[in-house]
Every structure is written in C-alpha cells, then in structure tokens.
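Chain letters run A, B, ... following the sequence lines, proteins first and then strands; every chain starts at 1. Please read these numbers as outputs of a predicted model, since none were measured by experiment. Just so it is clear, the values below take in all heavy atoms, side chains as well, and ignore hydrogens, waters and symmetry mates.
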Amino acid sequence: MSPIRRLRRLRRAELPIDTVKLARFLIGKVVVHHLNTGRLTGRIVETEAYPIGDAAGHAFRGKTPRNGSLFLQRGHAYVYFSYGSSFLLNVSSERSGVGGGVLLRAIEPLEGIERMARSRGKMLIADIGRGPGRLTRAMKVDLRQDGLDLCAPGPLWLGTTTQATGAIGRSVRIGLSRNVRRPLRFYERGNPHLSGPKRLRQ
DNA sequence: TTGGCGATTGGCT
DNA sequence: GCCAATCGCCAAT
C-alpha cells in the first residue's frame, strides 16, 4: 500500500481545549499507530464528547486510578476496558487537572487495512472500524496505550486531515442511561463506517 | 468484601 | 431488533 502523503502530527496548540469543540474538530482527522511491522492509520468519522460536569462521563465522580488519563493535558490517550470485552479509546480534553474527554467511536481504515481485517474473517471492511470497541481492535490499541501523549513523538498519534471532510452531523450519544438527550455525538454524514442506527448516520 | 452496572459486541430471530 | 456474555470498577456495606 502506498503511504499517505502530506500527513503530519497535530500539535497540541491546534487542538481546541473545549471538549465539545474538540469532538467536532477530530472528525476527518486521523489516528496513527506505529507497530514494528508498519503503521496502521484510521480516519476518524465519529466521536462523542464527555465534557466537564457530564454525569455520563467517567471523570464525573473525580479522579480514580482508572480514569487518571482524562485529567492530563489535552491530547493524551485514555483507554479503558468495557463490558468485559472491549477497549475504548478517548482523547483527553480541557486543561491539565480538569477531567474531560472525547470518545473515538468509528474510523475509516486507511493504512494497514489487510492487517486490521486479519482475524476478522469475512467481516466487511465497512464494519472493521465501526464502533468504539472495534476501532481499538483494528488499531491494536489496549491498556498499554493508556496515558500516551498523542501530540508527542511516540507510537500513537493524531494526524492532519488527508482528504476533504464532508458535512458534519450532530446527534445524541449512543449506549447511555444518563444525560441521554444531550447532542454530543459528531459524525461525517453518510460515511459508510459509522456506528449506531441508520437514523443517526444521516 | 460485595454486587450492581456499564461510553459493547456478536449471534440469533 | 433483541439479548446474553463477560469482568473490572467502585460505591455501599
């Protein structure tokens, strides 16, 4: 596969401090994970904001051993293990010491698609990065990446847009039981790699 | 020390 | 679309 040209790391100064603005900003950007054997790249097409004071957010009850990464300066990885089976990747937001984050819910695979698809049998390419747990499985992200600085030299980082970003949609978040009505999910309209019901993809 | 619950997924109807 | 599996976290005991 030919490497993507004009792809560079995002600087922290480019990331909006505000959680909701960051969630919107990240649509169309990319996540890159360098492995010994090459790199995996996914274009972010769906995010959710978990801002300050949000009862659905993991930072809501204060800092604990698990969620400490949410309180790091914006642009750090917060990874946690969910439902006994999936790892979920967030980008920390807000100022250092303030808990907030953006959940990455879906990617469009760009580089390393074949390796992402390995062990996934006949799963469609469109399904490989659809959903927060599948996203981390495709990108080979787990607890070892928790706390990494995505804006510093390192194996996991955020990159600039590689192609024009389509219209951005906004909806309620998925899978919550608290604060269910807040429209804090962002997505690229009509992208085939989105998670959630059809009505939340248009 | 314990048990209810969750930012999900995959399989089945 | 519905539901069970699965297990670490953490609030309450």
Side-chain angles (χ1 to χ4, degrees), chain A residues 18-27 31 42 44-72 74-94 98-109 116-148 150 158 169-188 192-202:
Chain A
D18 177 80
T19 304
V20 179
K21 288 184 175 141
L22 178 62
R24 190 175 205 284
F25 172 85
L26 288 176
I27 299 298
V31 188
I44 300 167
V45 297
E46 181 183 344
T47 63
E48 281 178 355
Y50 288 86
I52 300 169
D54 174 17
H58 286 185
F60 184 64
R61 294 173 202 284
K63 195 171 170 180
T64 69
R66 172 173 75 146
N67 68 15
S69 301
L70 281 177
F71 293 77
L72 297 172
R74 68 188 187 281
H76 284 75
Y78 165 52
V79 183
Y80 75 96
F81 187 56
S82 178
Y83 285 104
S85 59
S86 305
F87 297 101
L88 275 65
L89 171 63
N90 299 250
V91 178
S92 69
S93 57
E94 304 299 336
V98 178
V102 174
L103 171 68
L104 304 187
R105 284 198 59 92
I107 53 154
E108 173 181 341
M116 293 179 185
R118 201 171 296 164
S119 85
R120 305 249 53 176
K122 294 178 181 172
M123 180 178 273
L124 300 173
I125 297 298
D127 291 333
I128 288 176
R130 152 186 287 143
R134 291 173 175 175
L135 179 156
T136 56
R137 184 160 164 185
M139 293 295 299
K140 305 267 192 286
V141 166
D142 58 34
L143 258 26
R144 289 172 292 186
Q145 284 74 43
D146 181 46
L148 289 185
L150 304 175
L158 294 169
R170 184 169 182 168
S171 80
V172 295
R173 295 173 292 183
I174 294 174
L176 303 186
S177 59
R178 323 178 67 154
N179 264 341
V180 296
R181 306 185 71 134
R182 297 185 73 180
L184 297 178
R185 171 177 173 265
F186 295 90
Y187 57 99
E188 183 177 53
H193 303 267
L194 298 177
S195 74
K198 266 185 186 166
R199 64 188 167 81
L200 294 184
R201 301 181 197 174
Q202 319 174 50

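Shown here for A:Thr19 and A:Ser93, the closest heavy-atom pair between the two residues is OG1-OG, 2.7 Å. Taking all atoms of both residues into account, the shortest heavy-atom contact from A:Val20 to A:Arg170 is CG1-NH2, 4.0 Å. Across all non-hydrogen atoms, the minimal contact from A:Ala77 to A:Asp146 is O-OD1, 3.5 Å. A pairwise comparison of heavy atoms in A:Phe81 and A:Leu143 identifies N-CD1, 4.2 Å as the closest pair.
A:Arg105 is listed as a side-chain neighbour of A:Ser195, based on a closest heavy-atom distance under 4.5 Å. Looking at heavy atoms from C-beta onward, A:His58 lies in side-chain contact with A:Tyr78 at the 4.5 angstrom threshold. Looking only at side-chain heavy atoms (C-beta outward), A:Met116 and A:Lys140 stay at 4.5 Å or farther from each other.
In this structure, A:Arg66 satisfies the cation-pi test against A:Tyr80, with its NZ or CZ atom closer than 6.0 Å to the six-membered ring centre and inside 45 degrees of the ring normal. Judged by the 6.0 Å and 45° rule, A:Arg173 forms a cation-pi pair with A:Tyr50.
Comparing A:Met123 and A:Tyr80 along DNA chain B, the residue whose closest nucleotide (by nearest heavy atom) sits nearer the 5' end is A:Tyr80. A residue-by-residue look at A:Ser177 and A:Arg130 shows that A:Ser177 has its nearest nucleotide of DNA chain B further toward the 5' end.
Secondary structure note: stems in DNA chain B built from 3 or more consecutive Watson-Crick or G-U wobble pairs under 3.5 Å occupy B:1-6 with C:7-12, B:8-12 with C:1-5.
By the side-chain contact (heavy atoms from CB on, under 4.5 Å) test, A:Pro197 is found to be paired with A:Arg199, A:Leu200, residues two or more places apart in sequence or in another chain being considered.
DNA chain C lies under 4.0 Å from no heavy atom of any residue of residues 101-109 of chain A. DNA chain B is contacted by A:Tyr50, A:Ala56 of residues 48-57 of chain A, taking any non-hydrogen atom closer than 4.0 Å.
Within the 4.0 angstrom heavy-atom criterion, only backbone atoms of the sugar-phosphate kind lie near A:Arg134; the bases stay farther away. A:Arg120 comes within contact range of the sugar-phosphate backbone alone, with a heavy-atom separation under 4.0 Å but no base atom that close.
Think of the region where chain A sits on DNA chain B: with heavy atoms and a 4.0 Å cut, that region ends 5' and 3' at B:dG6 to B:dG10.
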Item to check | Derivation of the side-chain contact (heavy atoms from CB on, under 4.5 Å) call for A:Asn90 and A:Leu103 | outcome: CA-CA 4 Å; A:Asn90 299 250; A:Leu103 171 68; 3.6 Å; yes
Next on the checklist: Pair A:Glu94, A:Asp18 - check side-chain contact (heavy atoms from CB on, under 4.5 Å), show working.
Outcome noted: CA-CA 6 Å; A:Glu94 304 299 336; A:Asp18 177 80; 4.3 Å; yes
Next on the checklist: For a quick check, with a 4.0 angstrom heavy-atom cut-off, what is the B/S/- contact string for nucleotides 5-13 of chain C, read 5' to 3'?
Outcome noted: -BBSSSS--
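Within a 6.0 Å radius of CZ in A:Arg120, more than 12 heavy atoms belonging to other residues, nucleotides or ligands are found. For A:Lys21, the NZ atom is loosely surrounded, since the number of other residues' heavy atoms within 6.0 Å does not exceed 12.
No option in A:Ile44, A:Leu150, A:Val141 other than A:Ile44 meets the side chain to side chain contact (heavy atoms under 4.5 Å, CB included) test with A:Val31.
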